[in-house]
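Everything on this sheet refers to the single structure shown next.
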Amino acid sequence: MAMNFFEHQDQARRRTGRLVMYFAIAVLCIIAALYATGMVLLNWAEQSTSGSSQNQAQVQPEILYWNWEVFLGVVCLSGLIIGGGSLYRIHQLSGGGSVVAESLGGTLLDPGSVDGDERKLLNIVEEMAIASGVPVPPVYVIEDDTINAFAAGFKPTDAVIGVTRGCMRQLDRDQLQGVIAHEFSHIFNGDMRLNIRLIGVIHGLLVMGLIGLYVLRSMAYSGGVRRSSGNKKDNGVIVVIVIAAVMMLLGFVGTFFGRLIQASVSRQREFLADASAVQYTRNPNGIAGALRAIGGLSVKSRM
C-alpha cells in the first residue's frame, strides 16, 4: 500500500491555516462591529446635540463614517480586554508539560526502570524522538486502565509524554509505537502551542462578554437603566448601556464560534498527527491497530 502520508500532512496543514485565518477574521469582525457601534453612538450624540440647539433649526448634521479617536479607542479597548485576557490564560497554561501531567495524577517514569512494560515504553519514546528529531521528553505514567496518551507543554523543550497503564498493557508494540508517534507529531508540529493560543484568544472573548454582562447588571442594580429612560441629560448612561450590551453579545457569540473553530483545528491536527505517525514508524498498521483497539473499548479511551 502506497504511503501518501506527506500528502495527508499537507492537506491537514492547509486546512489548519484556513481555520486559523477564519479565527483571525472573526476577531477583526468583532473589532469592526465595536467600531460601527461607536460611530452609531457618535452620530446619535451629534444629532441629539444639534436637535437641542435652538440656533440650528432644520439643519441635519452630516453622518460620520470615520473617526480616528473612536477607532483608536476601540482598538485600545479590544486590545486591553481580548489581549489581556488571552495573555493571562496563556500564562496559566504555559507552565510546562510536567505541571499538566502531575495535575492529572501522572508519575514520572524512571529512565532506569526494569519493568517490562515500562522498558518497552521508554525504548519506543527514544525511537520516536530520533525519528521525529525532537528531544527525548520525560515520560509520565497514569495509573488508569483505559487506553489514553497525551503530549503536554508549550514548546518541545518543556514537553512531556503521558501514557496510561492500560495503554502500555493492552496495546502491542506496533500499536503503542503508533500512539507515541502520534503524540510526537503534536510536539513537533507545535500543536500544543497553537491550541493554547487559541484557548487564550477564546478566553479573551469570554472576558469581553463577561465584562459587558457585569456592566449591564451593575447598571440594572443601581437603577441607571430606569433613570436614563426618556432623560436626554443621561446620554452618557445610554452610551455605556449600549456599549456593554454589544460587548456582551459579541463576546459570547465570538466565544461560541471560536470554540467551534478550535474544535475544527484540533480535528485537523489529529489528522496531521495520524499521518505523521505513519511517517515516523513507516508502519500504517500500528496507528490503525491502536485506533481499532481504542474503538473496541470504552468511550473513555482516547489519544
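We count residues from 1, following the sequence as given.
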Query raised in the report: Does the side chain of His182 reach to within under 4.5 Å of the side chain of Glu270, using non-hydrogen atoms?
Result: yes
Query raised in the report: Does atom CZ of Phe23 have more than 12 heavy-atom neighbours from other groups under 6.0 Å away?
Result: yes
Query - Flag side-chain contact, heavy atom, 4.5 Å: Leu176 against Cys167 - result: yes
Query raised in the report: Do Ser113 and Asp115 have side-chain N/O donor and acceptor atoms under 3.5 Å apart?
Result: no
Report task. Identify the heavy atoms of Val160 and Ser98 that sit nearest to each other, and give their distance. Result -> CG1-N, 3.7 Å
Report summary line: Partner of Ile243 under side chain to side chain contact (heavy atoms under 4.5 Å, CB included), picked from Val239, Val246, Val240, is Val239
Report task. Taking the side chain as every heavy atom from C-beta outward, state whether Glu102 and Tyr140 have any pair of such atoms under 4.5 Å apart. Result -> yes
Report task. Determine whether more than 12 heavy atoms belonging to other residues, nucleotides or ligands lie under 6.0 Å from atom CZ of Arg217. Result -> no
Requested in this report: Could you walk me through whether Met208 and Leu34 pass the side-chain contact (heavy atoms from CB on, under 4.5 Å) test, one step at a time?
Outcome: CA-CA 11 Å; Met208 173 180 285; Leu34 285 173; 3.8 Å; yes
Report task. Could you tell me whether the side chain of Ile187 reaches within less than 4.5 Å of the side chain of Ser132, counting heavy atoms only? Result -> no
Query raised in the report: With a 4.5 Å heavy-atom cut-off, do Arg173 and Lys120 have their side chains touching?
Result: yes
**Report entry** Exercise: do Gln262 and Arg259 side chains pair donor with acceptor under 3.5 Å
**Finding:** no
Query raised in the report: Going from OG1 on Thr107 to CD on Glu143, what distance comes out if it is rounded to the nearest 0.5 angstrom?
Result: 6.5 Å
Report task. Evaluate side-chain contact (heavy atoms from CB on, under 4.5 Å) for Gln170 paired with Arg165, printing each intermediate quantity in order. Result -> CA-CA 9 Å; Gln170 298 182 52; Arg165 187 70 65 177; over 6 Å; no
Report summary line: Here the gap from Leu260 atom CG to Thr255 atom OG1, rounded to the nearest 0.5 Å, amounts to 11.0 Å
Query raised in the report: Going through the distances and angles, do Thr281 and Met128 end up as a side-chain contact (heavy atoms from CB on, under 4.5 Å)?
Result: CA-CA 8 Å; Thr281 62; Met128 294 301 97; 3.8 Å; yes
Requested in this report: For residues 186-195, pull every pair meeting salt bridge (charged side-chain N to carboxylate O under 4.0 Å, His left out), keeping only residues two or more places apart or in separate chains.
Outcome: Asp191-Arg269
Requested in this report: Look at the side-chain heavy atoms of Ile, Leu, Val, Met, Phe, Trp and Tyr, link any pair under 4.5 Å apart, and say whether Val253 and Tyr35 land in one connected group.
Outcome: no
Query raised in the report: Quick one: are Leu213 and Phe252 in side-chain contact, heavy atoms under 4.5 Å?
Result: yes
Report task. Could you tell me the separation between the CG atom of Leu206 and the OG atom of Ser86, rounded to the nearest 0.5 Å? Result -> 10.5 Å
Requested in this report: Just do the side-chain contact (heavy atoms from CB on, under 4.5 Å) check on Asp145 and Thr164 with the steps written out, would you?
Outcome: CA-CA 7 Å; Asp145 292 332; Thr164 60; over 6 Å; no
Report task. Mind listing the closest non-hydrogen atom pair of Ala277 and Gly178 along with its distance? Result -> CB-O, 3.7 Å
Query raised in the report: Within the side chain of Ser103, is there an N or O that forms a donor-acceptor pair under 3.5 Å with the backbone of Val100?
Result: yes
Query raised in the report: Val207 versus Ile82: any side-chain heavy-atom pair under 4.5 Å?
Result: no
Query raised in the report: Are Arg13 and Asn189 side-chain neighbours, meaning at least one heavy-atom pair lies under 4.5 Å?
Result: yes
Query raised in the report: Between Phe71 and Trp66, how do the two ring planes meet: parallel, tilted or perpendicular, split at 30° and 60°?
Result: tilted
Query raised in the report: How close do Ile90 and Gly200 get, heavy atom to heavy atom, and via which atoms?
Result: CG1-CA, 4.0 Å
**Report entry** Minimum heavy-atom distance between Arg197 and Phe154, given as atom pair plus value
**Finding:** NE-CZ, 4.2 Å
Query raised in the report: Does any N or O in the side chain of Asp274 come within less than 3.5 Å of the main-chain N or O of Phe271, such that one atom is a donor and the other an acceptor?
Result: no
Query raised in the report: Would you find more than 12 non-hydrogen atoms of other residues, nucleotides or ligands less than 6.0 Å from Glu69 atom CD?
Result: no
